[in-house]
Every structure is written in structure tokens, then in C-alpha cells.
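For reference, positions follow the sequence shown, starting with 1.
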Amino acid sequence: MGILNRIVERRAAPAPTSGFAEAFTQQGSTWSGTTVTQDSALTLSAVYTSVSLIADAVASLPVDVVRTVGQTRKSATGPVWLTSPNPFDTPFDFMQKVMTSLLMDGNSFVRVIRSGQGKVVALIPLDPRTVRVELTKDQSSVLYKIGDATLFARDVVHVKGFAQANSLRGLSPLESARQTIGAGLATQEFGARFFSQGTTLSGVIEHPGNPKPGEVAVLARMLKKSRGQKNYHSVGVLTGGAKWTSISVTPEQAQFLETQRFNRLAIAGIFRVPAYMLDPTTASSWGSGVEEQHSWFVQQTLTPWLIRIEQAFSALLPNGQSLQFNVNARLRVKTSERYQAYRTAIEAGFMSVDEVRALEDREPLPPGQEQPHGQGSNRA
């Protein structure tokens, strides 16, 4: 396990910056005046919520290995790395890191550690910002460069997100949506400063005479001390016949809340997250309820990512075997509807009672009580 020890040392050291990451950060400020990076984007609640929703949903799905026999697919014993990817991560942690890299960078790179016999013994997620992808001299394969180290295609599992023609990397959602995320960060900062400092002129002091410069300065200092969140509802005293006239503009009047909502929905669209998941006040114009909207989330948001991951990691399995996420665990409906579906399947003859019991995490029927396909039972 010497190579794992060296990887631990590298994980503790500062990661080098790749040319891609430099290009991303050197694009400068957005139109809103904010600079968008992967780290700063996560401070925006809509981005964090979208990324965590998808990453957690994928990481929580059971993963099976199946083998194709003729026209059928049967369960197979999975490799060790499926249940113990490396000494640092649980299977959930590992898949969450893979998904987070895809959602933030558009790419996920996983280092493949092999034994002397070529068997995969560990999978180590890499920071995609430190990886450069290049073609070999004969352009027949790719090389992955991390600092001064060069890895071959067999040493890395590369999962790409949305990819353009002739591109060796997936397109980063954050890079594509810099302006939208930048506007959201600017709005978020505005909201915070609105309550701590005030971003609009909240009022004016009317003085009946001609105050001296020193008197004006004193009045200004008195009012400044009453600003800020800690000084809400404090009492101010004006002297010399001066009076306060409020001209404050509320966040609602400035359409601040509507701007926040619009930006949140725009970011939901970027990550293909149903709007109601980011904004509970949003009403859907389709579907009969949350169950159909949830089904849409699985089919339209999760499934494309699942297929990418399945195809990439299946390359590590023996020929004829493939990785498969069990999305049924995410699509479970109400108990009465689920049982009715089981009854229909048993009566139609394409499921047995024991197969149904397995789906419900129950032991098979005792010997002698098994029922063939097509014979209904209330014991499921």
C-alpha cells in the first residue's frame, strides 16, 4: 500500500493549479462586478442547494453489478472497490465527490490504483482543477497530467458532463453561467449590506437655519451610530430645530426580493433542478402532484448523470458486466399503490412472490410455500 501512502502525502500538500482553472479564474469580474470561482459560487444558496440535492440523490442510490447472459441481465458479485473505494471515503462519500466535481467543474477524475496483478484495489477522487487532459503524440489516446505526474487512460476514470465536439473536457456549468451566478452573488451581497449598512439613502435631515459645519458633522455622527442591524429601533435625538424626513426604500419596493427569486429560478434551470425544490412558493403547471414532479427529477435530472457514471466505471469491470444504479429505490410510491403494482406483476406472471419480497427487504418464503409466477398471494 506504499502508493496509497504517497497519495495521502500529496492530498495534504497544496494542489497545483491547472491551466484550465487559471483560465476560469482569470476571466475577471462579471457584468455585476463580482468574480465567480468554484469556491465563491458555492456560497450562493441556490448553487449550493442545487449541487447538494443532485449529489446527495445520486450518492444515496444503491449500485449493483449485472452481467448480460443472452437477452437477460442477472446480478453479479460486485468488486471490492464498490463497497470500499479507498481508505478515506465511504461509498456515499466517494460518489458524492464524483457528482460534486461533475456539477461544479463538468468533469470528474478518479485515480485507479492497481495491484501488481493489475487488479483494481482503490479509487481516489482527484480535484478536477488540478488535472490537464492532453492527447498522446499519435492522438490515439489521452494523457492526464497532475503537476509533474503523467497518468495514462487506464489509470484514470474520466466522467465528462456536457461536452462540445472535439473537447477533451466537459463544460463547466459554472463557467457557462458566470453572469447569472455573478448576478446572484451581487444580489446576495446587496441584501447583506442592506441590513448591515444600508445601500440607499434612508432619509434627510432638514434644518430650519444655516447650521455651522461643525453642527452638521455632529448630526451626521449621531445618525451614523444608529445605523446597522444592532441599532434597529434605537432612539435618535436631533437638536437645533432639525427634523428627520424618511425617504427609505424597502427591499420590496426596490424589487430586491423578486430579483433574488428570478436568479434562484435561473440557477435551478442551469442545473435542471425542479423550481419547487429551490422555491417552495413556486407552483408547477404540470403533473398531478409532488410524486410526478419527483419522477421528473429522477428521469430528467438524475438519469443522464447516472448513465455517464455507469458507462465510465463499467470499464473497470470484467467483460459482460456493467454498473447499474437502482433508481427504483428513489421512485418508491405509497404503500397501497406499490402493493397493487406487485399484485398486478404477480398475476401477469412476470414476477414471483419471492422476487416481490426481495424488493421489500424480506426473506423468501419457507420451503414448500413458494408460489409460481401467476398465482397471487397476500403475503407480499
Side-chain angles (χ1 to χ4, degrees), residues 1 3-4 7 54-103 107-126 151-161 170 297-299 301-332 338 342 345 350-364 373:
M1 299 297 284
I3 189 170
L4 287 179
I7 290 176
I54 299 174
D56 289 350
V58 171
S60 63
L61 289 175
V63 184
D64 303 318
V65 174
V66 297
R67 57 188 177 91
T68 303
V69 180
Q71 300 297 322
T72 62
R73 307 182 75 184
K74 298 183 178 181
S75 298
T77 302
V80 174
W81 54 261
L82 197 58
T83 54
S84 181
N86 60 62
F88 324 107
D89 299 314
T90 65
F92 184 96
D93 295 334
F94 173 80
M95 198 56 67
Q96 187 184 56
K97 290 180 179 180
V98 169
M99 241 356 278
T100 300
S101 294
L102 280 169
L103 294 167
N107 299 270
S108 176
F109 300 96
V110 177
R111 173 72 188 277
V112 181
I113 309 300
R114 299 179 185 271
S115 65
Q117 294 74 34
K119 182 180 179 181
V120 178
V121 295
L123 299 176
I124 311 293
L126 302 175
L151 303 175
F152 296 96
R154 73 185 300 269
D155 301 320
V156 176
V157 175
H158 181 192
V159 188
K160 287 186 287 189
F297 175 66
V298 172
Q299 296 171 5
T301 305
L302 300 186
T303 298
W305 292 116
L306 299 178
I307 293 175
R308 289 183 175 100
I309 296 173
E310 288 172 350
Q311 293 180 350
F313 283 91
S314 291
L316 301 178
L317 299 174
N319 291 335
Q321 294 187 6
S322 60
L323 209 66
Q324 187 177 65
F325 286 93
N326 183 4
V327 296
N328 290 330
R330 186 84 189 183
L331 287 173
R332 284 200 168 189
R338 191 167 73 250
Y342 290 153
F350 60 85
M351 288 188 72
S352 68
V353 172
D354 281 345
E355 289 173 332
V356 169
R357 293 178 68 86
L359 291 175
E360 291 294 313
D361 298 323
R362 297 186 180 185
E363 295 291 332
H373 291 71

Note, [X] side chain near [Y] side chain (heavy atom, < 4.5 Å):
| X | Y | value |
| --- | --- | --- |
| Leu316 | Leu123 | yes |
| Leu306 | Val58 | yes |
| Leu302 | Val327 | no |
| Val63 | Pro91 | no |
| Trp305 | Leu103 | yes |
| Asn326 | Leu61 | no |

Interatomic distance, [X] atom [atom1] to [Y] atom [atom2] [nearest 0.5 angstrom]:
| X | Y | atom1 | atom2 | answer |
| --- | --- | --- | --- | --- |
| Ser60 | Met95 | OG | CE | 11.0 Å |
| Gln324 | Ile307 | CD | CD1 | 10.5 Å |
| Asn86 | Ile113 | CG | CD1 | 9.5 Å |
| Ile309 | Met99 | CD1 | CE | 5.5 Å |
| Phe297 | Ile54 | CZ | CD1 | 5.5 Å |

Closest approach of [X] and [Y], non-hydrogen atoms and distance?
| X | Y | value |
| --- | --- | --- |
| Leu126 | Ser101 | O-OG, 4.3 Å |
| Lys160 | Arg308 | O-CD, 3.0 Å |
| Thr100 | Ala55 | OG1-CB, 3.8 Å |

Between [X] and [Y] (side chain of the first, backbone of the second, donor and acceptor by atom type, cut-off under 3.5 Å), is there such a pair?
| X | Y | value |
| --- | --- | --- |
| Glu310 | Ser322 | no |
| Ser84 | Trp81 | no |
| Asn107 | Gly170 | yes |
| Thr301 | Val298 | no |

Checklist entry - Parallel, tilted or perpendicular for Phe313 and Phe94, by the 30°/60° rule? => result perpendicular
Next on the checklist: Can you tell me if Phe92 has over 12 outside heavy atoms packed within less than 6.0 Å of its CZ?
Outcome noted: yes
